[in-house]
Participant: 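Mind looking over this structure? Questions follow.
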Amino acid sequence: MAFLMKSMLSNQVKNLGLGGGGEESKEESTPSDPAAAAGMTREEYEEYQKQMVEEKMERDAAFAHKKAERACLRVHLREKYRLPKSELDENQIQMAGDDVGLPEDLQKMVAEDQVEEEDKDSILGQLQNIQNMDMDTIKEKAQATFTEMKQAAEQKCSVM
């Protein structure tokens, strides 16, 4: 208990600048060699550093590959929905260098979507869509489209 009180009070007095106890000589307790600071020999430390660099390179390569896979997915979606291309995605795919494709899970999803779209594009799929549609809405859409085209033609043509 006395030790605790003495250490607390002496630290406070030193902070005030009154001098407190005797001056303690501060020696550098940390060695300048990083290997000794880590508690290893020089060879062990160098091997450890090599391992760290290799692991970092592996992580960076895996990260770049994942980024390229995501970019490939975005490119695929842009092609599917006819959106403008992105140079950033193409650059990421090129930087990965490997043959980057869609991950397996996404390939399965894309294949299922293509099968569904093929079913909708078939004649039977169109017939089913016609049965589900209301004829009045079809007539209204056709008339609206016709009137829009007629107005556009009148604006462009001075004869009409």
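This structure is a prediction, so every number in the text was calculated from the model and none was measured.
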Participant: Would you indicate whether the side-chain heavy atoms of R74 and Q92 approach each other to under 4.5 Å?
Facilitator: yes
Participant: From E47 CD over to T41 OG1, what is the distance, rounded to the nearest 0.5 angstrom?
Facilitator: 10.5 Å
Participant: Sequence neighbours excluded, which residues qualify as side-chain contact (heavy atoms from CB on, under 4.5 Å) partners of M57?
Facilitator: V53
Participant: How would you list, by chain and number, every residue that makes a side-chain hydrogen bond (donor to acceptor under 3.5 Å, both in side chains) with K139, sequence neighbours excluded?
Facilitator: none
Participant: For D105, enumerate each residue passing the side-chain hydrogen bond (donor to acceptor under 3.5 Å, both in side chains) test, keeping only those at least two apart in sequence or located in another chain.
Facilitator: none
Participant: Return the CZ to CD1 distance between R70 and I93, rounded to the nearest 0.5 Å.
Facilitator: 13.0 Å
Participant: Applying side-chain hydrogen bond (donor to acceptor under 3.5 Å, both in side chains), can you list everything that pairs with Q49, at least two apart in sequence or on another chain?
Facilitator: Y45
Participant: Please confirm whether the backbone N or O of M109 pairs with a side-chain atom of E112, one donor and one acceptor, at under 3.5 Å?
Facilitator: no
Participant: Apply side-chain contact (heavy atoms from CB on, under 4.5 Å) to E55 and list each qualifying residue two or more places apart in sequence or on a separate chain.
Facilitator: M52, R59
Participant: Would you mind writing out the side-chain donor-acceptor pairs for residues 78-88 within the sub-3.5 Å range, not counting sequence neighbours?
Facilitator:
{"residue": "R78", "atom": "NE", "partner": "P84", "partner atom": "O", "Å": "3.3"}
{"residue": "R78", "atom": "NH1", "partner": "D89", "partner atom": "OD2", "Å": "2.4"}
{"residue": "K80", "atom": "NZ", "partner": "E117", "partner atom": "OE2", "Å": "3.4"}
{"residue": "S86", "atom": "OG", "partner": "L88", "partner atom": "N", "Å": "3.4"}

Participant: Rounded to the nearest 0.5 Å, how far does CD of E54 lie from NZ of K50?
Facilitator: 8.5 Å
Participant: Just how far is it from atom SG of C72 to atom NE2 of H65, taken to the nearest 0.5 Å?
Facilitator: 9.5 Å
